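Only a predicted model underlies this, so the values are computations on that prediction, with no experimental measurement involved.
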Amino acid sequence: METQMAVANDKVARRWSSGKRSQRVYNYTIRRPVLFRLMSRIVWGADVRPLYADIAALADLAAGTRVLDVPCGGGVAFRGIEGTAGIRFVAADISPFMLDTARAEAARRGLSDIEYVQTDVARMPFADSSFDVCVSYNGLHCFPDPAAAVQEMARVLRVGGELRGTVVVTGGSALSAAAIAKFQRTDQFATVGSAEDLRECLTGAGFVDLRLDRQGAYVVFHALKSG
């Protein structure tokens, strides 16, 4: 009930739950790296190969690793865990449409050991220190309060746990700024901050060893939860 109320009160969550054409287009393009790279180069001024490299690195996780993917979207991270045995993978998203899309993607890839959870990222139903790794690809700019989301990700990570992901930021080209404004106007993006805002969010949540690779209006980030 609480999550359903969060969807009702969050216009971006409602949009991503609608299954409209824009959400289907996003799922279509991000599953096709060549197409997504081309669009990202034009719109965000970024080479997003590091996004796909980061996803591919999930295959190196040791058996027993507990992974949280939030927001999981349509399951883009699943391409990195094919053939990976023994990890616990939880796909979480506030959008039932995205969770259904992720389930279909998992079935297409033959993945059956994934747990799906509909939740508001700011109030996740997981105990403290539940996960070793949290991934958040292209998600922070969709949250109304990215700092609260990062704080919650820190809570559910164990000490020394890793947060990794990607996010659209301000400070890019005029085209990037126009795209951000359009996506905010159409309720596809919520709060879009700068790369420095992201750094402050991470350090404020207790993350250390920050690595932020910014290209244009796009950042790939990694951080560890401090003790």
Side-chain angles (χ1 to χ4, degrees), residues 16-17 23-37 39-40 44 46-121 124 126 130-143 146 149-150 152-154 156-158 161-168 198 211 213 218-225:
W16 284 97
S17 298
Q23 283 66 61
R24 297 179 186 276
V25 167
Y26 171 77
N27 284 326
Y28 180 88
T29 56
I30 199 168
R31 289 176 183 165
R32 292 160 175 80
V34 173
L35 179 57
F36 194 69
R37 283 172 54 192
M39 293 180 65
S40 298
W44 308 126
D47 180 353
V48 294
R49 281 179 292 184
L51 161 66
Y52 294 100
D54 197 87
I55 291 171
L58 295 174
D60 298 328
L61 295 175
T65 302
R66 302 163 299 172
V67 183
L68 172 63
D69 180 8
V70 59
C72 67
V76 64
F78 296 171
R79 67 192 300 121
I81 61 172
E82 286 181 309
T84 302
I87 67 170
R88 178 197 172 198
F89 196 97
V90 177
D93 204 295
I94 197 170
S95 164
F97 168 74
M98 283 305 192
L99 287 171
D100 286 344
T101 304
R103 289 187 183 95
E105 177 69 3
R108 188 180 73 83
R109 293 183 177 275
L111 300 171
S112 58
D113 296 329
I114 297 173
E115 178 183 350
Y116 300 91
V117 178
Q118 185 186 5
T119 180
D120 179 358
V121 69
M124 294 189 286
F126 309 119
S130 296
F131 297 95
D132 304 298
V133 177
C134 178
V135 296
S136 186
Y137 298 120
N138 297 344
L140 288 179
H141 50 260
C142 295
F143 300 146
V150 171
E152 185 71 347
M153 293 175 191
V156 302
L157 274 173
R158 65 166 173 82
E162 183 180 17
L163 174 63
R164 33 202 277 199
T166 59
V167 61
V168 171
L198 174 62
R211 287 184 287 138
D213 176 15
Y218 201 76
V219 173
V220 179
F221 60 89
H222 297 79
L224 299 178
K225 180 179 175 179

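- In terms of the side-chain contact (heavy atoms from CB on, under 4.5 Å) criterion, residue partners of Thr65 (sequence neighbours excluded) are, by chain and number, Leu61, Ala62, Val67, Ile87, Asp132, Val133.
- Cation-pi geometry between Arg103 and Tyr116 is met: under 6.0 angstrom from the ring centre, within 45 degrees of the axis.
- Panel note: side chain Ser136, backbone Gly139; no donor-acceptor pair is recorded below 3.5 Å.
- Under a 3.5 Å cut-off, the side chain of Lys225 and the backbone N or O of Gly161 do not form any donor-acceptor pair.
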Identify every side-chain donor-acceptor pair in residues 71-83 under 3.5 Å, counting partners at least two apart or on other chains, and give the distances.
residue: Glu82; atom: OE1; partner: Arg109; partner atom: NH1; Å: 3.0
residue: Glu82; atom: OE2; partner: Arg109; partner atom: NH1; Å: 3.3

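- Here Asp213 pairs with nothing under the salt bridge (Lys or Arg N to Asp or Glu O under 4.0 Å) rule; sequence neighbours left out.
- With sequence neighbours left out, the side chain to side chain donor-acceptor pair (under 3.5 Å) criterion links Ser40 to no other residue.
- Scanning for side chain to side chain donor-acceptor pair (under 3.5 Å) contacts around Asp113 gives an empty result, with sequence neighbours left out.
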Subject >> Pair Leu140-Met153, side chain to side chain contact (heavy atoms under 4.5 Å, CB included): steps then yes or no >> reply: CA-CA 11 Å; Leu140 288 179; Met153 293 175 191; 4.1 Å; yes

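- Under the 4.5 Å side-chain criterion, counting only non-hydrogen atoms from C-beta, Met98 is in contact with Asn27.
- Evaluation of the side chain to side chain donor-acceptor pair (under 3.5 Å) rule for Glu162 yields no partner, not counting sequence neighbours.
- Between Pro96 and Gln118, the closest heavy-atom pair is CD-NE2, 3.5 Å.
- Taking the side chain as every heavy atom from C-beta outward, Met124 and Leu68 approach each other to under 4.5 Å.
- Looking at Phe131 and Arg88, their side chains come closer than 4.5 Å, going by heavy atoms from C-beta outward.
- Taking the side-chain contact (heavy atoms from CB on, under 4.5 Å) definition, one finds that Asn138 meets it with Tyr26, Ile30, Phe36, Leu51, His141, Thr166, Tyr218, sequence neighbours left out.
- Taking both residues in full, the closest heavy atoms of Ala149 and Val121 are given as CB-CG1, 3.7 Å, listed atom of the first, atom of the second, then distance.
- Under the 3.5 Å distance criterion, the side-chain polar atoms of Ser130 are left unmatched by any main-chain donor or acceptor of Phe126.
- Listed by chain and residue number, nothing satisfies the salt bridge (Lys or Arg N to Asp or Glu O under 4.0 Å) test with Arg24 (two or more places apart in sequence, or in another chain).
- The ring-ring contact (aromatic ring centres under 6.0 Å, His included) analysis of residues 91-111, with sequence neighbours excluded, yields no pairs.
- Applying the side chain to side chain donor-acceptor pair (under 3.5 Å) test to residues at least two apart or on different chains, the pairs with a partner in residues 48-63 are Asp47-Arg49, Asp54-Tyr137, Asp54-Arg164, Asp54-His222.
- Ile94 approaches Ser17 most closely through the heavy-atom pair O-OG, 4.2 Å.
- Two residues are said to be in side-chain contact when any heavy atoms from C-beta on lie closer than 4.5 Å; Val70 and Asp93 fail this criterion.
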